[in-house]
Each structure stands twice: as C-alpha cells, then as structure tokens.
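Each remark here refers to the structure printed beneath this line.
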Amino acid sequence: MAQTHSFFSPATHGFVRVAAATPVVYPADPKANADEHVRLIEAAAAQGADLIVFPELSLSGYALDDLHMQAALLDEVERQALRLAEATEDVATTVVVGAPVRHAERLYNCAVVVAGGRVIGVVPKTYLPNYREYYEKRWFSPATDDLSADVPLMLGDEVVPFGTDLLFEAENRPGFVFGVEICEDFWAPLPPSTRQAMAGARILCNLSASNIVIGKADERALLCASQSARTLSAYVFTASGWGESTTDLAWDGQAMVHELGTRLAEGERFGMGGGLTICDVDVDRIGQDRLRNGTFADCGRHEADGYAFDRVLFEAREATPADLIRPLDRFPFVPDDPARLDRDCYEAFNIQVQGLMKRMVATGSKTVVIGISGGLDSTQALLVACRAFDRLELPRTGIRAYTMPGFGTSEGTKANAWALMKALGVTAAELDIRPAAERMLADIGHPAADGEPLHDITYENVQAGLRTDYLFRLANQHDGFVIGTGDLSELALGWATYGVGDHMSHYGVNSGVAKTLIRHLIRWVADRQLVGADATPVLQAILDTEISPELVPAKDGQIQSTEATVGPYALNDFFLFHFSRYGMAPSKIAYLAHQAWKDAATGHWPSGTPDDEKVEYDLETIVFWLRKFIVRFFQTSQFKRSALPNGPKVVTGGSLSPRGDWRAPSDVSARVWLDELDAHVPVRGSSTKDPK
C-alpha cells in the first residue's frame, strides 16, 4: 500500500516535529552565524520539522563580554534576524533564534520567533545571572512586568510583539502551542515556563548558552525532565557548543527533548560540526494528560491572578505521511532498557508481595489457597505467595496449592504444575474436577454429558466455576483465603468466568500486572533465585508453554489457544496502555501500533524476548484485533470489572479496579469507538492471520 493517506502522518495524530539545533558558533560574526542557521533550518525543514530552536544569543555568540554593547554588532544582528525571517517564507518551519535586541533604550537577551517570512514575536530573558562567572546585568536588562508597552518594538519596518506574556499557537494544528524561556530562567524557583504551561503552552523551549563543567549535563537533564513532568509538557533544550569563545569557559552543545518527564531524544555533546536533534512530541497526549490531572488545572486557576498571555498565531506545515521519530515501546508495560526492566520487575514483584503480606497480617491468616494450572498467571501468583510467606517468616506449607485437571488439561502443563509445587515446597494436592463437571453437565441436560462434542461456553465455564468453588471451600476448611491469579490483560478483555469462576478470589495479586510483564517477572524471579534455585528449570518450561485455558480437549495435537480467540497479548497490552492511560482515540492507537509493529528488524526488544516472539503485524491485522479489543473491553467486560476483588495497583495508569483508575458503566455501547476507527483508518481490518 502506498502510504499517501493522511492517516500515515504524525501531524494527523497530534504530533509536532521539533528540532533542537546546535550550530557552529562564530563569535561576533552575525552573518556567518546566520549562514549556519539557514543551513540547519533547511536541513530541519527537509526532515519535516515543524519547530526548530537555537541556543541563547545564537546570532551573535554568547561569550562576547562588552562587545554586546557595540552598535555595529547590534545593527548586523538585526539585519541577519530579518534575513532569517525571509528564509522561513518557503520552508513551513517555525524558528526560534537567540539574539540581543534593543528596545526602549535598553538591551535585552531575547528569543526571536520567526515564521512565514516574518518575525512574529520577541521574548526577553526574565532572570539574568550575575554570580560566579556570569555578569549579564552588565549589558542586559531583565524582563519586567513593565516592558515600556507604550514604545513599540520595531524590527525593520514592522511592529513586533514583545514581552514575556507571549505564547505562539498554530492556527491549523490543534495543541501546537509553545512558550519560550532563556537559559537561567529555568534555574529559577518559578521558571516563566511554568506559567506558560498553565496558560496553555504544550511545548516549552529553552534557548541556553550554559557553559559546561563536570556534572552540569546531568543537572540540566534533571531540570528538563522535572519541568516537563511538573508542567505536563514537552521541553526542548539546546545549549551553545563548538565555536563559542573558550577564553574562560567551555561549551558542550547539549541538546535534549523531554516529554512528561521522559527523555525522547538527546544530541551529541562536544560535537564540532553543528547538528540537529529531531523528534516528534505528542501534544495530543499532553492535552489528554492535562484533562486527567485536576491538580494542573487547579494550580493554573490559583496562579492566574495578575498574569495574562497574548497568543501569537502562525501557520504550521500541513500533514505529510512520514514515519514517527520518537521512542515507541512495542511493550509499554515492559521497558526495552535492561536496567529499567530490572528496576520495574523489582518494584512490581515487591508491590505484589507487600500487598499480599498486608492482607495476611490484616486477616490474621497463615494459610492461603491457590489453584495451579502450570500456566503463567498461577505461576506468578504462587511465586508471590512464596516470597510473602518467606518475608513473614511463615512456613511455605501454609500455601495450599492444588492442580485441578479438567477435560482439556494436557500432560505437559499438569507435569509443570506438579514440578513447580514440589520445587517450591508448598503443600500440594490434586483434585480431578472431571467427575463433578460431568455430573453438573448431566444435571443441566448439556449434550456433552451424553458424549456429544459440544465444547461451548457452558462446557468451559462449568470447569472454571468448579475450580473456584473448590478453592473457596478449601479456604473455609483450612481457615485461609483464596489468592486470585487473573491478570490485568484478562480483566481488560473479560477473559474470565464471572462470579464463582476465575473472576473471583479473596485477593487478586496479579490484577495490576499485564500479561506481557508477567512473563518477564517470572524470568526475573528465576534469574535471581528469589524463591530458591530448584524452581528455575520448571519456571523456564512454563515460560516456553503456549498460553491456553485448556478447557477444551486438544484437537489434532493442538491445544486450545487463548491468543487465537482474543488476539495476541502483545497487541492487546499495547491497546490497553494507550487507551486506559491516555484515553487515545482508536485511530491513533492503530497508527502507533502500526509504527511500533510494522518492522521487527527496527527498534529494541525487551531483554529476554525470544526470537519467535519478535514478529510483525500489518495494519490490517492490527485493526482486526483492535476492533475485537474495543468490543470486548466495552461490551463484554465492564460488569466483571465492576465486581473486582481487591488487588494492588502495579503499573502507571494500569488499574482497572472500580475503586481505582477506571470507573465506567457496565452497559454502554462501543459504537463511538468503532465508528471513529472506521472513519479514520484506511483499512477495515478483515485479517484472519494466525496471531503468532
């Protein structure tokens, strides 16, 4: 398919392509600096950049000392600023450059914003450093509330908006609103960008000179990450680099883009050629996050007194098909970075363990009951139970684990269940539910009781219900409580038998953990031998087993496949994260999934991902399973989530508890979401491909 449809453009889905520029600096040579600016502007425009940000005083150079006060230099800076404005007439890229600007018989350290062939605004620096190596107040005036408003700023023949009260907004791109601050401004206790964000700016730009000393790069990164997280924004930072005067200082040209606390891109430091750090920031996601965060809006109202911003409008480039330039996790619940994955597994496992420990202490229970199938979820729940008992210094014999074979149980999973229980030293037993299931099927007149191969939902749920019924009665008998094994992904899909089935327990330790993360948690526990070395071989065997409810006998040697029914968990967890965490429209979720999964050879995979799981999904397949996900999430699952047992929240935005992140009526239609998907995606999604 030729990707010419607007669906394939990042701009269609709320992305703005930003570039942090680190030009070669020519001190006190505005024309040479402007030449370098034009080169980088053209390069950024060729890569589809909507916004390019240059460092502080980039047109003149920063370390000029008293040369800042020379009329010849300032005249040339003004000429070159107007030249740069002309250079933007045909490139459809908005440009922010640093320049000294004269206004009302004062000199200001400014950001000059140019777009569409014109200078559209000038923002002066608010806080001027005058300590240690800095003495900016020798030359520049700080921005104040009174910026001589009665005296207009003239650049060339035009009056230009001037002040710290300017926000810049694209008329044709919703959410593309940015504010500007300069270097020291974001070292202040209350940076100007904080109020810019509360006034509606979703992208915050920092033009910096910021000389480098040991450890300062980490400090800048910390401030950028913190400001983007605190203000729910994207933060674009770029500092002066090669060519700046090293008479007394040095410069590294650090360039970074952060979004909601996460670093999206970082350029080369100490480079010599000048360059661009380009990525796509998601202003739509920022807007969605602000809608969900009432504190952000409350703080904006509280701090709004006495502060008003003028919006300067400009035209942004139109949507053009292109690949997304930003980190995009195929597995949003499973980090690609091994160190981050290790930390996440540590936290997730201990959240589960501590949750169960508190419930045991609160109830005074020294016994828990759990069903073990030989699959991922029950294995993880059992590992959590063992660790909880160890930390409470209770014997593992208080964990009463039961394998309960039914009509579809395979010898492999049954053997794994037994091997696991023995390796962990719990009290193990087997309860064959088939006689009771056959009796129930006969009592209700089900055809399977007479030997007919009718493996319908009744046939399946009789088994699931009996297993849970047995577990509850065993808990009564042994003065304990039932540990639930169902996970977050199953809750999203409604893949659980309601009521007295695997939907119900006394405490659900896995209810906040996605299926894709559980696999890595089990591997993490095994690698660190947190429950003993004897369990490692069987844990690996369980990881190698296909996911199946095993409620229907194998056919032609093939066991019942969960993913053939509900779809690949890799895709379902991707859908769930972007739907529940950010409330994204289905068409955008489809776009992101296509960007993430269309090419298995690109991007990183989480540590430990088997080669046979490194697959690709085309757009048709993605849309097919996304439609299934939407229907299941809305129309077949919410009533189950409304009656969810207690269990700890583990991942950000990932709880589906009616007492936590997700509250919804049980009887709504999925029509709005299905219609949105059909209206904006260029395929219908009729794939019948094997999810593997």
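- The backbone N or O of Gly117 sits less than 3.5 Å from a side-chain atom of Thr88, completing a donor-acceptor pair.
- Between Arg292 and Asp661 there is no salt bridge, since none of the side-chain N atoms of the basic residue sits less than 4.0 Å from a carboxylate O of the acidic one.
- Judged by distance alone, with hydrogens and angles left aside, the side-chain atoms of Thr12 form a donor-acceptor pair with the main-chain N or O of Ser6 at under 3.5 Å.
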Quiz item: Given Phe176 and Phe168, is the ring pair (Phe, Tyr, Trp, His ring centres under 6.0 Å) satisfied, shown in steps?
Solution: CA-CA 8 Å; Phe176 184 1; Phe168 302 88; over 10 Å; no

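- To the nearest 0.5 angstrom, Leu207 atom CG is 10.5 Å from Cys110 atom SG.
- For the residue pair Glu133 / Asn211, a side-chain donor-acceptor distance below 3.5 Å is found, with atom types taken as modelled.
- In summary, the side chains of Ser210 and Glu184 do not present any donor paired with an acceptor at a separation below 3.5 Å, with no hydrogens or angles considered.
- Side-chain contact of Ser228 with Glu259: a donor-acceptor pair under 3.5 Å is absent, judged by distance alone.
- A distance-only check finds no donor-acceptor pair linking the side chain of Thr194 to the backbone of Leu190 [under 3.5 Å].
- Of the inter-residue distances, the one linking Phe331 atom CZ with Trp605 atom CH2 reads 5.5 Å to the nearest 0.5 angstrom.
- Put simply, the side chain of Val16 does not reach to within 4.5 Å of the side chain of Asp280, judged on heavy atoms.
- The salt bridge (Lys or Arg N to Asp or Glu O under 4.0 Å) search around Arg330 returns none, not counting sequence neighbours.
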Quiz prompt | Pair Val312-Leu167, side-chain contact (heavy atoms from CB on, under 4.5 Å): steps then yes or no | solution = CA-CA 6 Å; Val312 179; Leu167 297 182; over 6 Å; no

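- Rounded to the nearest 0.5 angstrom, Asp344 CG and Asp337 CG are separated by 9.5 Å.
- Between Phe162 and His103, the angle of the ring planes lies from 30° to 60°, which puts this pair in the tilted group.
- For the pair Thr94/Ile52, no side-chain contact is recorded, criterion being any heavy-atom separation below 4.5 Å from C-beta on.
- Here the side chain of Asn33 pairs a donor or acceptor atom with the backbone of Leu59 at under 3.5 angstrom.
- In this structure, the side chains of Thr652 and Arg581 come closer than 4.5 Å at one or more pairs of heavy atoms.
- Under 3.5 Å, the side chains of Tyr235 and Glu181 contain a donor-acceptor pair of N or O atoms.
- Considering CG of Leu328 and CD of Gln595, their distance stands at 7.5 Å, rounded to 0.5 Å.
- Side chains of Gln227 and Arg230: no donor on one and acceptor on the other come within 3.5 Å.
- Between Glu36 and Arg39, at least one side-chain N (NZ, or NE/NH1/NH2) sits under 4.0 Å from a carboxylate O, which counts as a salt bridge.
- Counted within 6.0 Å of CZ on Phe270, heavy atoms from surrounding residues, nucleotides or ligands total more than 12; the atom is thus considered enclosed.
- Applying the side-chain contact (heavy atoms from CB on, under 4.5 Å) rule to Asp284 yields the partners Asp282, Gln288, Lys588; only residues at least two apart in sequence or on another chain are considered.
- Checked by atom type and distance alone, the side chain of Arg17 never pairs as donor or acceptor with a backbone atom of Cys279 at under 3.5 Å.
- Looking only at side-chain heavy atoms (C-beta outward), Tyr108 and Lys125 stay at 4.5 Å or farther from each other.
- Under the rule for a salt bridge (Lys or Arg N to Asp or Glu O under 4.0 Å), the partners of Asp50 that lie at least two apart in sequence or sit in another chain are Arg173, Arg317.
- At least one donor-acceptor pair under 3.5 Å links the side chain of Thr238 to the backbone N or O of Ala21.
- By the side-chain hydrogen bond (donor to acceptor under 3.5 Å, both in side chains) test, His13 is found to be paired with no residue, residues two or more places apart in sequence or in another chain being considered.
- No side-chain donor-acceptor contact under 3.5 Å links Ser226 to the backbone of Leu222.
- Interatomic distance, CZ of Phe178 versus CD of Glu169, reported as 11.0 Å (0.5 Å rounding).
- Remark: Glu89 pairs with no residue by the side-chain hydrogen bond (donor to acceptor under 3.5 Å, both in side chains) rule, at least two apart or across chains.
- Among residues two or more places apart in sequence or in another chain, the side-chain contact (heavy atoms from CB on, under 4.5 Å) test is passed with Glu171 by Leu313, Glu315.
- Using modelled atom types, one finds a donor on one side chain and an acceptor on the other under 3.5 Å when comparing Tyr62 with Glu136.
- In this structure, Met256 CE and Ser208 OG are separated by 8.5 Å, a value rounded to the nearest 0.5 Å.
- Between the side chain of Asn130 and the main chain of Lys137, a donor-acceptor pair closer than 3.5 Å is present.
- Side-chain N/O atoms of Glu56 and Ser240 include no donor and acceptor closer than 3.5 Å.
- Arg301 pairs by the salt bridge (Lys or Arg N to Asp or Glu O under 4.0 Å) definition with Asp298, not counting sequence neighbours.
- The backbone N or O of Thr320 lies less than 3.5 Å from a partner atom in the side chain of Ser9, making a donor-acceptor pair.
- For His594 and Phe8, the distance between ring centers is under 6.0 angstrom.
- Applying the 6.0 Å contact sphere to CZ of Arg263 captures no more than 12 heavy atoms from other residues, nucleotides or ligands.
- For NZ of Lys31, the number of neighbouring non-hydrogen atoms (other residues, nucleotides, ligands) closer than 6.0 Å is 12 at most.
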Quiz item: Run the side-chain contact (heavy atoms from CB on, under 4.5 Å) check on Leu517 and Val651 step by step: do they pass?
Solution: CA-CA 10 Å; Leu517 179 56; Val651 295; 4.2 Å; yes

Exercise. Test Val257 against Val18 for side-chain contact (heavy atoms from CB on, under 4.5 Å), laying out the working first.
Key: CA-CA 8 Å; Val257 181; Val18 300; 4.1 Å; yes

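- In this structure, Gln254 contributes its side chain and Gly267 its backbone to no donor-acceptor pair below 3.5 Å.
- Qualifying ring pair (Phe, Tyr, Trp, His ring centres under 6.0 Å) partners for Phe15, counting only residues two or more places apart in sequence or in other chains: none.
- The aromatic ring centroids of Phe574 and Phe333 lie 6.0 Å or more from each other.
- With sequence neighbours left out, the side-chain hydrogen bond (donor to acceptor under 3.5 Å, both in side chains) criterion links Arg269 to Asp252.
- Phe54 is listed as a side-chain neighbour of Val95, based on a closest heavy-atom distance under 4.5 Å.
- Listed by chain and number, the residues in a salt bridge (Lys or Arg N to Asp or Glu O under 4.0 Å) with Asp342 are Arg528 (sequence neighbours excluded).
- Ile286 places none of its side-chain heavy atoms less than 4.5 Å from the side chain of Ile203.
- Between Glu219 and Lys216 no salt bridge is recorded (no basic side-chain N to carboxylate O distance below 4.0 Å).
- For the side-chain contact (heavy atoms from CB on, under 4.5 Å) test, residues two or more places apart in sequence or in another chain that qualify with Ala85 are Val114, Val119.
- Looking at heavy atoms from C-beta onward, Leu57 lies in side-chain contact with Phe140 at the 4.5 angstrom threshold.
- Scanning for side-chain contact (heavy atoms from CB on, under 4.5 Å) contacts around Trp139 gives Asp65, Asp66, His68, Met69, Tyr135, with sequence neighbours left out.
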